[in-house]
2 protein chains.
Amino acid sequence: MTTETSHPSVAAVRSTEEQYVEVIGLLEEQNSPVGTAPIAENMQLAMPSVSEMLKRLADKGLVTHAPYEGASLSEKGRMLFANVIRRHRLWEVFLTQHLGMSWHNVYEHACRLEHGTLEPVTARLGSFLGNPEYCPHGSPIPGADGTWPPSQGQPLLEMPIGSEYQIVRILQENDADCLTFLFERDVMIGTVVRLMDIASYDGTVSLDVSGKPVAMGTRVASRLRVTPIVEMRGNASGEST
Amino acid sequence: MTTETSHPSVAAVRSTEEQYVEVIGLLEEQNSPVGTAPIAENMQLAMPSVSEMLKRLADKGLVTHAPYEGASLSEKGRMLFANVIRRHRLWEVFLTQHLGMSWHNVYEHACRLEHGTLEPVTARLGSFLGNPEYCPHGSPIPGADGTWPPSQGQPLLEMPIGSEYQIVRILQENDADCLTFLFERDVMIGTVVRLMDIASYDGTVSLDVSGKPVAMGTRVASRLRVTPIVEMRGNASGEST
DNA sequence: TCAAGAAATTAGGCATTCCTAAATCTCATG
DNA sequence: CATGAGATTTAGGAATGCCTAATTTCTTGA
């Protein structure tokens, strides 16, 4: 903190590095440290490319990385991560709320915009949007100071069968195919679903989405985060469209 | 037009190439073809870097370039140019009108955003902004089809002395120092100025900006484009702030 | 315990895009 | 028409960031 940069987005941080930090940070939310393979798969790169870059990120102090043991974001890396995610998710909010784009395909566009967004624009974009705390997929948006709003929702698969829940978050928002799958079945943030069954054989999950049956595998279902809905007789709640 | 891309922003056009095309296109508005030196100066690069890239842009069919004779955008290059400028200036409008940024420093930010903006976002951003025809510096914004609105204004220096004019365009909006110079003297789009004098000795231009005298050299003054104001007695017109 | 097999790294290359230094071309002018 | 200044290109090299192929390390089950 001597003559160092105060805003990670401004200084000598290459756009490629930001992308790596973003992916590593997101993967680390699932399990840490992150191996080379998941990063390579996520970024559609060959493993040696990732291996090499991890070394360079470690040199820059953005990650800690002992060979054969995966990578974790350093303190500096986590600060950059929060900043990148903030930019990313603010753009997602802009793209959906103001440009009318659909939540299931804004990830890629936000990804492209985030790396060209310097701090003055980030700050003003935040104000313009009303400093939202959650992105269109329900994930938290770090504040300008790097603090995270609480994560919302509990895993749908851990909830008792038979009750109704409102979807408040869909994880792994960078998996476009998964989001499209859900989008086409009207499963999105705010949707009220009733958990009908989790098949003991292969784990297939059956939902009722405002009267329509929807089935999905555990891989998809495990990404849904919900809050319980208080059951009211005679009114199945009114947030379907 | 066989299996080619229809939108230049999407396909195999590198962001670096877009920047070169943008600079070449802008410089070509002053005089064509454009030499290696002005490009290098504008992009803050060494001349061999430009020379080499011009060869590569020529290979890609974006410019025509015979050695020692400067470069001009090809048809394909002009299409890309219009598209890049469209994205650039739409972002400038967004940054000033919606994020409240000042017209004199949005160029750089728009420059960073433009290269990450794919067609769906460009189209929706255009609609969101009401498909404006002019950027905050008064330059025309090409439409989605690549057609340009007419250029506005006439050179201030070609106007008769003593009359009032409204500034409708400031050229070379990528020259931040020049824009700041003007900004600090309240000379901007919409400002009404009276042309007081053009010194025959060194060409220094004297203006009256709502009662305040403002002097500037020809290099700056030659970038101002104005429309005449019909003189009305007893009302010096009311657009100063 | 030990040998697949999976995961990760090293080795060696390539494309992009920049640089400095040196050579070359153009053009105005004496 | 020769020449020197200035513009431009060529030559040679470096950093980034990706690749394939080969090697090394880790893990796990027989």
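Within every chain, numbering begins at 1; the chains are lettered A, B, ... in the order of the sequence lines, protein sequences first and strands thereafter.
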Parallel, tilted or perpendicular: rings of Y107(A) and H88(A) (30°, 60°):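 Tilted, since the angle between the ring planes falls between 30° and 60°.
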Between dG17(D) (C1') and I39(A) (CD1): distance, integer Å: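 Taking CD1 of I39(A) and C1' of dG17(D), I get 15 Å after rounding.
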Protein-nucleotide distance (L45(A), atom CG; dT20(D), atom C1'), rounded to Å: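 Answer to the nearest Å: 14 Å.
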Pairs touching residues 24-52 of chain B that satisfy salt bridge (charged side-chain N to carboxylate O under 4.0 Å, His left out), sequence neighbours left out: E52(B)-R56(B)
Listed partners of R89(B) passing salt bridge (charged side-chain N to carboxylate O under 4.0 Å, His left out), at least two apart: E173(B)
Protein-to-nucleotide contact annotation, 5' to 3' order, nucleotides 6-17 of chain C [B base; S sugar-phosphate only; - none; under 4.0 Å, heavy atom]: --BBB-----SB
R185(B) NZ/CZ over F181(B) ring centroid, <6.0 Å and within 45° of normal: yes
Any donor-acceptor N/O pair, K60(B) side chain to V13(B) backbone, under 3.5 Å: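 No: the side chain of K60(B) does not pair with the backbone of V13(B).
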S49(A) side-chain N/O to dG17(D) phosphate OP1/OP2 under 4.0 Å: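 No, no such contact exists.
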